[in-house]
Student: 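One structure, as structure tokens, below. Some questions next.
By convention in this document, chain letters (A, B, ...) are assigned in the order of the sequence lines, proteins followed by strands, and residues within each chain are numbered from 1. Please read these numbers as outputs of a predicted model, since none were measured by experiment.
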Number of protein chains: 2
Amino acid sequence: MTRQYDRRKVTLKDVAAQVGVSHTTVSNAYIRPGQLSAALREKILAAAQELGYTGPDPAAKQLATGRAGALGFLFSEDLPYAFTDPAILSVLNGVARSCDERETDLALISAGSNLRNRTAPVSLGNAAVDGYILYSVAPDSRCVMMAQQRNVPLVVVDQPRLNGVPYVGIDDRGSAYRAAKTLLDLGHRHFGILSLKTAHDGYFGPLTAKRRDNIAHSTIAMRLEGYVLALQEAGIAPEDVPTWEIPINSEDMGAQGVRHLLNRAQRPTAILAMSDRVAIGAMQTIRALGLNIPQDVSIFGFDDIPAAEGADLSTIHQPHERKGTEAVRLLSAATGSNENVILETELVLRGSIGPAA
Amino acid sequence: MTRQYDRRKVTLKDVAAQVGVSHTTVSNAYIRPGQLSAALREKILAAAQELGYTGPDPAAKQLATGRAGALGFLFSEDLPYAFTDPAILSVLNGVARSCDERETDLALISAGSNLRNRTAPVSLGNAAVDGYILYSVAPDSRCVMMAQQRNVPLVVVDQPRLNGVPYVGIDDRGSAYRAAKTLLDLGHRHFGILSLKTAHDGYFGPLTAKRRDNIAHSTIAMRLEGYVLALQEAGIAPEDVPTWEIPINSEDMGAQGVRHLLNRAQRPTAILAMSDRVAIGAMQTIRALGLNIPQDVSIFGFDDIPAAEGADLSTIHQPHERKGTEAVRLLSAATGSNENVILETELVLRGSIGPAA
DNA sequence: TTGTAAGCGTTATCAA
DNA sequence: TTGATAACGCTTACAA
């Protein structure tokens with residue numbers, strides 16, 4: 001940005017000179033109105049107005065006070081993707097609301113393009129913020145290190161669990177378990193799983209044993225564990241459950257992935273999808289193949305995004321907005337303690353599931 | 001945020017002392033790697049690492065250089081609403097991408113709750129930004145004044161036209177004209193208009209003459225003009241075109257508003273909606289009333305949000321993302337000139353329109 | 001190639 | 001109630 005707007009910026013001093021008081025007094029007029037006579041304050045404010053003084057410079061104020069009055073929200077995804085993801089948006093929503101209440105600014109920082117080359121975004125180190133919310137960031141991301149190095153309060157939402165850093169999340173394993181259990185109780189014995197990415201390599205294909213043992217995202221790992229646990233309890237071996245991994249959480253990927261699950265001699269009667277977007281995409285394919293939901297195939301999502309209701313999709317409701325508000329709260333509290341918040345999820349049963357054929 | 005993280009913050013000086021060089025040299029190691037020997041630089045960086053120095057403090061840097069490395073995006077809406085509006089999100093998307101390329105941070109600032117009490121958000125004055133993008137802000141909003149007072153570069157997207165401030169937008173009037181003309185060419189003579197809000201009073205009802213003359217949003221005024229112009233050319237008087245005003249751009253409001261248009265002795269055969277969200281909501285109601293689209297009622301939207309395609313809605317395509325990228329470009333250019341960018345729109349014809357019955 | 005010194009615009013401390 | 005003065009941590013001529 002050019003500096004040509006800075007034509008001799010008006011400062012506290014100018015106002016002070018104009019009124020004939022010290023610059024401290026002018027500062028007080030803004031910061032501590034009680035510290036000077038109302039009359040003088042009026043006079044100062046009037047002079048400021050006249051001179052075009054627009055109030056304390058943020059940078060200077062920040063340097064002097066040590067606080068920025070802003071917090072950073074760090075995505076692990078490209079911003080462009082983030083703005084299409086209803087779940088992220090809901091979290092962001094909660095964050096924004098809380099920031100509003102606290103009169104705190106919100107800086108959006110995307111780690112997106114940087115995940116690939118393992119370089120943290122410049123802005124991460126540069127941003128004038130008092131703390132960071134790390135939202136679903138890959139544990140091996142350089143961002144995590146950089147954020148920790150900045151020596152400001154941190155809060156992690158969903159990903160990853162970090163020692164000494166407050167955490168906001170849900171019981172992914174338990175929630176997944178309940179989803180699988182619900183389908184088992186309906187008599188299903190032939191399952192297929194649509195998994196979200198286990199690594200950042202763009203892999204689209206069956207979840208191999210090797211990949212299963214090296215899952216970068218703890219939420220994904222937990223959900224998988226939950227599914228598998230429930231199935232095992234019912235005597236179904238994990239090897240017998242076709243599991244397809246999808247690199248992007250999108251309807252389109254769900255639509256493509258589910259084909260590979262349905263294309264089998266023993267077609268699954270129940271699909272466990274790790275997200276609603278994936279599930280909704282899958283539903284389109286299922287119907288396009290001439291199968292009925294839930295008569296031929298039951299399907300269970302995860303997240304309870306707004307579109308899930310319209311799609312009549314059974315799912316796990318996550319309190320996305322509260323994740324955001326809790327994160328801001330923890331950041332403000334910043335007790336230095338390691339308070340973790342595990343929010344409750346809810347089983348939402350809709351028309352996408354039914355008894356096994 | 002607490003300062004307890006500041007346990008004796010490590011500064012340039014500490015690093016300098018450790019290495020045994022001056023203050024400036026350490027600064028150069030970060031800013032101008034070419035100004036010192038590679039060996040020395042290595043040594044300095046190593047010492048910094050060891051001491052836990054995380055790089056120049058953003059506030060101090062900003063104060064010294066005069067630039068923040070961030071820009072502010074100012075919404076006129078509540079953030080919670082903004083995150084549900086596909087059009088806003090697309091613009092934001094473009095902004096975010098451009099910021100990414102320029103390694104610039106992005107601060108989101110909502111004027112939302114403040115429109116009501118006419119108080120500009122504190123953060124607006126406080127945010128450490130080099131410039132603002134005002135996105136579709138009400139002309140009478142205090143935000144506009146405050147933003148101008150900050151004496152930083154400004155760019156307006158959509159709303160309002162400000163003297164001496166670069167503007168990014170579309171030809172709202174011409175686009176609306178084409179929409180209406182398209183329906184006229186299909187033989188329609190009985191129209192209904194679903195208008196977005198003309199003022200911030202939450203009004204839901206017929207657009208009165210008085211309100212029509214006092215439209216706060218220029219884009220709304222222009223679209224209305226475009227519709228009316230086309231209709232007048234076809235010999236249809238504005239008084240004969242029922243027009244319903246809606247306070248919120250949402251599907252739900254569209255669904256409700258259209259009832260009042262269809263509930264008439266002379267039922268319109270064509271509906272002009274000022275947004276796709278409103279149009280999509282209206283389509284639900286139209287069908288719920290047992291009417292067929294387009295056989296009984298044709299409907300035309302505005303925006304071309306992603307959902308418009310699925311809804312098979314004819315509409316005006318706006319290049320939302322480019323609005324964002326252009327805004328950032330103008331802000332960076334900040335020539336001080338008054339460059340305006342009027343982006344092209346496109347008529348998108350889909351199944352929601354057909355010949356008049 | 002490195003160092004000196006003067007800001008940048010505030011806030012905060014403490015004395016007047 | 002008001003005012004010196006000293007930070008705050010950095011960048012940047014300019015000098016060595």
Side-chain angles (χ1 to χ4, degrees), chain A residues 3 5-44 47-48 51-69 125-128 130 150-152, chain B residues 3 5-44 47-48 51-69 125-128 130 150-152:
Chain A
R3 291 202 61 176
Y5 274 73
D6 287 352
R7 19 150 158 212
R8 194 65 75 181
K9 192 169 181 182
V10 186
T11 73
L12 268 189
K13 268 180 191 151
D14 302 316
V15 179
Q18 169 87 356
V19 182
V21 296
S22 89
H23 75 271
T24 306
T25 302
V26 178
S27 177
N28 280 333
Y30 284 92
I31 311 279
R32 276 176 266 273
Q35 298 299 296
L36 36 67
S37 66
L40 180 55
R41 190 173 123 90
E42 275 311 306
K43 202 170 152 190
I44 290 174
L51 260 46
Y53 178 68
T54 59
D57 176 83
K61 180 186 202 145
Q62 189 179 332
L63 182 56
T65 60
R67 67 192 70 225
N126 249 344
D130 298 313
R150 279 253 350 227
N151 206 31
V152 293
Chain B
R3 292 200 62 177
Y5 274 72
D6 288 352
R7 22 157 158 196
R8 193 65 78 182
K9 193 170 180 178
V10 186
T11 74
L12 265 190
K13 267 180 192 154
D14 301 318
V15 179
Q18 169 87 354
V19 182
V21 296
S22 93
H23 186 180
T24 308
T25 303
V26 178
S27 177
N28 280 334
Y30 284 92
I31 312 278
R32 275 175 269 271
Q35 298 299 295
L36 36 65
S37 67
L40 180 56
R41 190 173 122 88
E42 275 312 307
K43 203 170 151 190
I44 289 174
L51 260 46
Y53 179 67
T54 60
D57 176 85
K61 179 186 202 148
Q62 188 179 332
L63 182 56
T65 60
R67 66 192 73 227
N126 250 342
D130 298 314
R150 279 256 344 230
N151 206 33
V152 293

Student: I need the minimum non-hydrogen distance between Ala128(B) and Ala128(A), along with the two atoms involved.
Tutor: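 Heavy-atom minimum between the residues: CB-CB, 4.4 Å.
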Student: Heavy atoms only: give me the nearest Leu63(A)-Ala60(B) pair and the separation to one decimal.
Tutor: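 Looking at all heavy atoms of both residues, the shortest contact is CD1-CB, 3.8 Å.
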Student: Remember a base hit wins even if backbone is also touched, and classify Leu12(A) as base, sugar-phosphate or nothing at under 4.0 Å, heavy atoms.
Tutor: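 Contact class for Leu12(A): base.
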Student: Looking only at heavy atoms, which two atoms of Ala47(A) and Val15(A) are closest? And how far apart?
Tutor: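 So the minimum-distance heavy-atom pair works out to CB-CG1, 4.4 Å.
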Student: I need the CD1-P distance between Ile44(B) and dC10(D), as an integer number of Å.
Tutor: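 Answer to the nearest Å: 13 Å.
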Student: Tell me: CG of Leu63(B) to P of dG9(D), nearest whole Å?
Tutor: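 After rounding, the reported distance stands at 12 Å.
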Student: Tell me which residues in residues 51-62 of chain A lie within less than 4.0 Å of DNA chain D, going by non-hydrogen atoms.
Tutor: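 Within this stretch, nothing sits under 4.0 Å of the strand.
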Student: Residues from residues 16-24 of chain A sitting under 4.0 Å of DNA chain D, heavy atoms only?
Tutor: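 When residues 16-24 of chain A is checked for heavy atoms under 4.0 Å from DNA chain D, the hits, listed by number, are Val21(A), Ser22(A), His23(A), Thr24(A).
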Student: Just the endpoints, please: which first and last nucleotides of DNA chain C, 5' to 3', lie under 4.0 Å from a heavy atom of chain A?
Tutor: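 The contacted stretch runs from dG9(C) to dA12(C).
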Student: Looking at five pairs on each end of the helix from dT1(C)-dA16(D) to dA16(C)-dT1(D), what is the angle between the two axes, given to 10 degrees?
Tutor: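 End-to-end axis angle: 30°.
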Student: Can you name the closest pair of heavy atoms from Ala127(A) and Pro58(B) and give their distance?
Tutor: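 Minimum heavy-atom separation between Ala127(A) and Pro58(B): O-CG, 3.7 Å.
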Student: Using whole Å, report how far CZ of Arg67(B) lies from C1' of dT11(D).
Tutor: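 These atoms are roughly 12 Å apart.
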Student: Taking only residues two or more places apart in sequence or in another chain, which ones pass side chain to side chain contact (heavy atoms under 4.5 Å, CB included) with Glu42(A)?
Tutor: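 Result, side chain to side chain contact (heavy atoms under 4.5 Å, CB included) vs Glu42(A): none returned.
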Student: Which heavy atom of Tyr53(A) sits nearest to which heavy atom of Val10(A), and what is that distance?
Tutor: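 Smallest interatomic distance, heavy atoms only, reads CD1-O, 3.4 Å.
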Student: Identify all side-chain donor-acceptor contacts of residues 20-38 of chain A below 3.5 Å with residues at least two apart in sequence or on another chain.
Tutor:
unit_1	atom_1	unit_2	atom_2	d
Ser22(A)	OG	Thr24(A)	N	3.1
Ser22(A)	OG	Thr25(A)	N	3.3
Ser22(A)	OG	Thr25(A)	OG1	3.4
Ser37(A)	OG	Leu40(A)	N	3.2

